[in-house]
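Beneath this line is the structure, given in structure tokens, with notes to follow.
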Amino acid sequence: MCRNIKTLYNFDPPATDEEIQAAALQFVRKLSGFNAPSKANEEAFQLAIREVTESARKLLGSLVTNAEPRNREVEIERARLRNAKRFGNVSE
């Protein structure tokens with residue numbers, strides 16, 4: 001599950017709210033062990049997602065770097081090449 005949590009900081013354009021919330025969802029799923037919680041745990045699960053999302057948003061907004069922003073397209077290509085090397089040539 002955690003492999004789905006991507007680095008969101010220092011990209012141009014910046015991470016979207018949807019990307020931040022998706023990372024929060026994956027984090028809460030990993031911590032809880034639930035892919036989808038039971039009705040009894042749904043409220044706590046959703047609250048945790050909202051709180052983690054807000055904390056992540058605050059973190060990303062407060063970090064400082066002198067590095068140039070990363071290009072999403074370049075990073076996607078690097079990931080594709082890493083996966084091809086790791087898992088063999090994957091057809092597109």
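Worth knowing before you read on, the calculation uses all heavy atoms, side chains too, and leaves out hydrogens, waters and symmetry mates.
Phe45 and Leu47 fall into different hydrophobic clusters, where Ile, Leu, Val, Met, Phe, Trp and Tyr side chains are chained together by heavy-atom contacts under 4.5 Å.
Looking at Thr7 and Arg70, their side chains come closer than 4.5 Å, going by heavy atoms from C-beta outward. At a threshold of 4.5 Å between non-hydrogen side-chain atoms, the residues Pro13 and Arg72 count as touching. For the pair Phe34/Val28, no side-chain contact is recorded, criterion being any heavy-atom separation below 4.5 Å from C-beta on. In this structure, Gln21 and Leu25 have side chains that are not in contact, with every pair of non-hydrogen atoms separated by 4.5 Å or more.
Considering every non-hydrogen atom in both Pro69 and Asn10, the closest pair reads CA-OD1, 3.3 Å. The nearest pair of heavy atoms linking Glu19 to Thr16 is OE1-N, 2.8 Å. For the pair Leu8 and Ile20, the tightest heavy-atom approach, listed with the atom from each and the gap, is CD1-CA, 3.8 Å.
Distance CD/Gln26 to CD1/Ile49: 9.5 Å, rounded to 0.5 Å. One finds the CG atom of Leu60 at 11.0 Å from the CZ atom of Phe11 (value rounded to the nearest 0.5 Å).
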Check your understanding: Stepwise, does the salt bridge (charged side-chain N to carboxylate O under 4.0 Å, His left out) test hold for Arg57 with Asp17?
Key -> CA-CA 8 Å; Arg57 197 175 288 122; Asp17 285 339; 3.3 Å; yes
Exercise for review: Show the numbers, then the answer: is there a salt bridge (charged side-chain N to carboxylate O under 4.0 Å, His left out) between Lys39 and Glu42?
Suggested key: CA-CA 5 Å; Lys39 291 248 185 227; Glu42 180 68 26; over 6 Å; no
Evaluate the criterion salt bridge (charged side-chain N to carboxylate O under 4.0 Å, His left out) for residue pair Glu75 and Arg78; output intermediate values, then yes/no. CA-CA 5 Å; Glu75 295 300 321; Arg78 286 181 184 158; 2.9 Å; yes
